[in-house]
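Take a look at the structure set out below.
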Protein chains: 2
Amino acid sequence: MATIIDVAAKAGVSTTTVSRVLNDYSPVNRTTRNRVMEAIEELGYHPSSLAQGMRTQRTRTIGILIPTYRNYWYAELLNFIEQDARAAGYLPIVCTTEREPGGSEHVNTLLRRQVDGIILCWYHGIMTDRKYLSKIVRETPFVIMDQPADGLPVSSVYTNGYQGVKTLVEALIEGGHRKIGMIKYLAENSTSENRFLGYRDALREHGIQLDPRLIVHSDYSTEGGQEAASRLLASSSPTAIITVGDDMAIGALRHCYEHHIKVPRDISISGFDDIPIARTVIPSLTTVAQPIKLMAETATRQVIRHVEHPSARRQEFVFETSIVYRESTRFLNENGTARGRKRKKE
Amino acid sequence: MATIIDVAAKAGVSTTTVSRVLNDYSPVNRTTRNRVMEAIEELGYHPSSLAQGMRTQRTRTIGILIPTYRNYWYAELLNFIEQDARAAGYLPIVCTTEREPGGSEHVNTLLRRQVDGIILCWYHGIMTDRKYLSKIVRETPFVIMDQPADGLPVSSVYTNGYQGVKTLVEALIEGGHRKIGMIKYLAENSTSENRFLGYRDALREHGIQLDPRLIVHSDYSTEGGQEAASRLLASSSPTAIITVGDDMAIGALRHCYEHHIKVPRDISISGFDDIPIARTVIPSLTTVAQPIKLMAETATRQVIRHVEHPSARRQEFVFETSIVYRESTRFLNENGTARGRKRKKE
DNA sequence: ATGAAAGCGCTAACAA
DNA sequence: TTGTTAGCGCTTTCAT
């Protein structure tokens, strides 16, 4: 690979001048500039990001920590983050934490690479080492997604899952459902837990007793959802099942199909996230949608802002959800049907 | 961030010694080593990959070029590649090319970052600039996935899609299907085209005339598949539809559902890839499976091999597919049913 | 067993 | 408008 020295030699100027042309600052004579440009062209020269990073102490990379690529929600998120980061001249470097839930290992990997900032999609088990985390966030701009910052001096971007699920469950109750099953994730995962609390409070406010047999745990996977639905239906007979993730809901659809339980005739099913395939599965999935594009944009913009203005105020961004009613749910009475019809639907 | 100088100062040794401890070469006195380790620990020191990369001209990163994250096949691939790369001490850096099909822009981005090697998932439109590509592959280890190297001095990893589709179509024909629709991608995309040729030859060898109304084009997306199915069924009435990608097949399932065409009773549908959700969709999808884990492993191993042994011979790895029969296809006669039953099934 | 010093490719004071 | 020079943090001869 050609270096700046080669270019300088070829153009008959100093490396400084080449650098000036490259970075387009301070006046450079037109003819000199042209000579340099030509040399760059001919040599197929591209400045080394490594050397630039060493010198400027800025790499124009941001690290992204997600649990896995194998989840439409994160795929979608990455898609938008990459788009926005690129537009701002940054390159995202992604680490998945699925296999090493500790996470601090990955943060180190990113830090060693001198990433300028990190977007952390929290997850159960990850970064439980708060002492470590609270030290790191002082040195590197951080944005936490999916969870509140919880005292850490970082910006955070997440959704009001509590209200989303609560609204959905209220609609189901008003639609005549009383026995509503819940497939959730571990209580330690506050994202899942908040969604669960929305479910609990909706029931409570409608005077419905919480039935432990209607609550089962699972991971966020399709297989997990399928298996959880089987457990749920073995021990109780809900008229509706809600889940804290679309993948699990899709798994539940599959379980019902295999056991000749018609959705939504025999049972209503809903998810959370509104991943792209939610509208394609059969039947299409009622779900609580997060404004993912906006969230990605906010997180990216925010982390870059902190990089470029270290003293910028840390902020918390909480987005509201919207319920998307599709084929997988139905209301059991006139009232519910009527209310359902009034809602956003497709 | 603490530097090696800070560590050296704290431990009362030279930076050379610290480096020796870090890289674990040449004898270092036990007590000295311990002092250094302590200093490293106390300072929370991690060597800068940037500085290491500058000095050694090796960054232990590999660049991955894929069209998009929003496709289960690539998500799956990334998952395995990351796993294998990490195990070998390399960090993958992913660029998606969806929005800039030219691709060379992205290769430059990666090259500037001094990636040690690149895994390129070819795609229609990407890297049509062969002159550029043929220059680059001489400087940086490359592995091309999904396509043959086609004269370029690089290793390649792909599947015999021709044979996979041919076998599937033959089974369908023997199962009584005569009018078989095909949803493919552009002819310029050799991956899609090879799969198409398998279809064409299977028909030809069974004396079935190729009917242009049975062949429609689409992108690799779910929406595209849905829309393509609608076009296909508007102009002809196949008893089966095969596609060159699972996403498109899932879209086709959706189209049929919306138009009360029962799968597989009224029409059989199949995909290609065997993405994880193929077994979950309703009905579950018959598809041509690629040995993705093995392919990811091979590509990763191969690119690292070229990095570490520049003179290593370039190789071509062609994998065979296997047909996974699921619920979305049926045979129209005894013969087909019998043959179908004998096949790998789940 | 340890250290001094050069240099990887670039940028930014400072000088001219 | 252009060039000289120092130095970012590390590794690696070459001495000692």
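Per chain, numbering begins at 1; letters A, B, ... match sequence-line order.
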>> If you only use heavy atoms from C-beta on, which nucleotide in D:dC10, C:dG9, C:dT2 is closest to the side chain of B:Thr32?
In response: C:dT2
> Is there a side-chain polar atom (N or O) of A:Gln52 under 4.0 Å from OP1 or OP2 of C:dT11?
Replying inline: yes
> Do the side chains of B:Phe319 and B:Thr298 get nearer than 4.5 Å, heavy atoms only?
Replying inline: yes
>> Heavy-atom nearest nucleotide on DNA chain C for B:Gln57 versus B:Val13: which residue maps closer to 5'?
In response: B:Val13
> Between the base of D:dG9 and the side chain of A:Arg55, is there a donor-acceptor distance below 3.5 Å?
Replying inline: no
>> Among D:dG3, C:dT2, D:dC8, which nucleotide has an atom closest to any side-chain atom of B:Ser26?
In response: C:dT2
> What is the nucleic acid contact for B:Ser19, judged by heavy atoms within less than 4.0 Å: base, sugar-phosphate only, or nothing?
Replying inline: base
>> Need one value for A:Tyr25: base, sugar-phosphate or nothing, where a base atom within 4.0 Å counts as base even if backbone is also close, heavy atoms only.
In response: base
> At under 4.0 Å, does any side-chain N or O of B:Thr3 touch on OP1 or OP2 of D:dG9?
Replying inline: no
> Considering only C:dG3, C:dC10, C:dT11, which nucleotide approaches the side chain of A:Ser48 most closely?
Replying inline: C:dC10
> With a 4.5 Å heavy-atom cut-off, do B:Gln52 and A:Leu50 have their side chains touching?
Replying inline: no
>> What's the closest nucleotide to the side chain of B:Thr17 if the choices are D:dG9, D:dT2, C:dG3?
In response: C:dG3
>> What is the separation between atom CZ on A:Arg58 and atom C1' on C:dC10, rounded to the nearest whole Å?
In response: 16 Å
> Of the candidate nucleotides C:dA4, D:dT11, D:dC10, which contains the atom at the shortest distance from the side chain of B:Tyr45?
Replying inline: D:dC10
> How long is the line joining CZ of B:Arg20 and P of C:dA1, in whole Å?
Replying inline: 10 Å
> Does the pair B:Asp84/B:Lys293 count as a salt bridge with the N-to-O cut at 4.0 Å?
Replying inline: no
> Has the side chain of A:Thr16 got a donor or acceptor that lies under 3.5 Å from a partner of the other kind on the base of C:dA12?
Replying inline: yes
>> Heavy atoms only, 4.0 Å cut-off, all strands: where does A:Val18 land among base, sugar-phosphate and nothing?
In response: nothing
> Which nucleotide, D:dT2, D:dT11, D:dG3, lies nearest any side-chain atom of A:Asn29?
Replying inline: D:dT2
> Over how many whole Å does the gap from B:Arg113 atom CZ to C:dC8 atom C1' extend?
Replying inline: 18 Å
> How close or far is atom C1' of C:dG3 from atom CD1 of B:Ile5, stated in whole angstroms?
Replying inline: 14 Å
> Once you round it to whole Å, what is the distance between C1' of C:dC10 and CG of A:Asn23?
Replying inline: 9 Å
> Among D:dT2, D:dC10, C:dT11, which nucleotide sits nearest the side chain of B:Ile4?
Replying inline: D:dC10
> Nearest of C:dA12, C:dG3, C:dC8 to any side-chain atom of A:Thr56?
Replying inline: C:dA12
